[in-house]
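Chain A is the first sequence line, chain B the second, and so forth, proteins listed ahead of strands; every chain is numbered from 1.
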Protein chains: 2
Amino acid sequence: MERFLALARAIGDESRARVLLALREGELCLCQVIELLALSPSTVSRHMEILHQAGLVERRKQGRWRYFRLASRGASPMTRLAIQWVLKSLQGEEAITADVRRIQCVRGKDPREFSSCYKAS
Amino acid sequence: MERFLALARAIGDESRARVLLALREGELCLCQVIELLALSPSTVSRHMEILHQAGLVERRKQGRWRYFRLASRGASPMTRLAIQWVLKSLQGEEAITADVRRIQCVRGKDPREFSSCYKAS
DNA sequence: CCTATAATTCGCCAACTATCGAAGTATAGT
DNA sequence: ACTATACTTCGATAGTTGGCGAATTATAGG
């Protein structure tokens, strides 16, 4: 029950829900999420910690960067149900498609390249 | 997006999640839910209002009693996905099966009969 | 009418949450 | 070593949430 409530509460925040949808297209590092949400690094770090604690995202560290991706293989059934629910429910939402568009230009790029990329859009 | 967040937040509370699972077996009136959760009437009334605002439950008034049931036919796809998610995720949880057992004795009965029924278990 | 029961509304309080900025850690490049 | 960038941790603060009891409304039955 506690695990389920942690999932629901992690999802029930607009910023975190947006991150989950953004991660559907592939992993992002923290600084990319910071740009996406336009929140302070400390706040975003906390959001990602909550998503990780709930089991919704997996993390890896590479050099200076911390990358996040949706939990998938290896995740518990309850976690996978939660991810499927949020993806299915929010797919097509205007706020989400706008995020996907804005984040397009930094997908897969080396973090050192995209610093000026967001300012344009 | 707001509607989705309201769904997630409504579900992300232990008492409200328990109510949703209890309603799976059929409608309950407020006083039955009060007994089930062992919380004050005002608190439970507020919980049910939140579930109703989110679209998760429908209400009807009959005499002195306010009955609640899961939203089903007529509910939006987003709402139905949320209900399916919580039912699927929590089915079999110990806390839930205990609730189902405790509430068995008042299912369908006239509310005037079940006042002493809970005290036994 | 009067009473009892069911439910709602309101105001209060304690606990939790989202946010920030400041300070600290970690890593890469010079 | 020094600097710059990425990230984390901590403390403060404003806002939200969940709980209660008291007061109110609604309905049923003497």
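Ring orientation note: the planes of W85(B) and W85(A) are close to parallel, at an angle under 30° on the 30°/60° scale.
One interatomic measurement links the two molecules: CG of L37(A) to P of dC20(C), which rounds to 10 Å at whole-angstrom precision. One interatomic measurement links the two molecules: CE of M48(A) to P of dT8(D), which rounds to 9 Å at whole-angstrom precision. The CD-P distance, from E35(B) to dA7(C), rounds to 11 Å in whole Å. A straight line from CD1 of I34(B) to P of dG18(D) spans 17 Å, rounded to a whole angstrom. dG18(D) atom P lies 6 Å from atom NE2 of H47(B), rounded to whole Å. Atom C1' of nucleotide dT5(D) and atom NZ of K61(A) are separated by 12 Å, given to the nearest angstrom. Rounded to whole Å, atom C1' of dT16(D) lies 11 Å from atom CD1 of I50(B). In this structure, CZ of R66(B) is placed 10 Å from P of dT27(D), rounded to the nearest angstrom.
When distances are taken from the side chain of R64(B) to each of dT17(D), dG29(D), dT9(D), the shortest belongs to dG29(D). Taking the side chain of S40(B) as heavy atoms from C-beta on, and the options dT8(C), dC20(C), dC20(D), the nearest nucleotide is dC20(D). Nearest nucleotide to the side chain of L30(B), out of dA6(C), dT8(C), dT8(D): dT8(C). Considering only the side chain of R9(A), dT17(C) comes nearest among dT17(C), dA6(C), dT8(D). Distance from the side chain of T43(A) is smallest for dT19(C) among the nucleotides dT17(C), dA6(C), dT19(C). Distance from the side chain of D13(B) is smallest for dG18(D) among the nucleotides dG18(D), dA6(C), dC20(C).
Applying the 3.5 Å distance criterion, the base of dG21(D) shares a donor-acceptor pair with the side chain of S42(B).
In this structure, L23(A) is a member of the same hydrophobic cluster as L5(B), with clusters built from ILVMFWY side-chain heavy atoms closer than 4.5 Å. I34(B) and I50(B) sit in two unconnected hydrophobic clusters of ILVMFWY residues. Membership requires side-chain heavy atoms under 4.5 Å apart, directly or through other members.
Here R16(A) reaches the OP1 or OP2 of dA18(C): one of its side-chain N or O atoms lies under 4.0 Å away.
I83(A) and A71(A) get closest at one heavy-atom pair: CD1-O, 3.2 Å.
S76(B) and T79(B) share a side-chain donor-acceptor pair at under 3.5 Å.
For A38(A) and G63(A), each mapped to the nucleotide of DNA chain C holding its nearest heavy atom, the one lying further toward the 5' end belongs to A38(A). For W65(A) and E49(A), each mapped to the nucleotide of DNA chain D holding its nearest heavy atom, the one lying further toward the 5' end belongs to W65(A). Between F68(B) and V44(A), the residue anchored nearer the 5' end of DNA chain C, judged by the nucleotide with its closest heavy atom, is F68(B).
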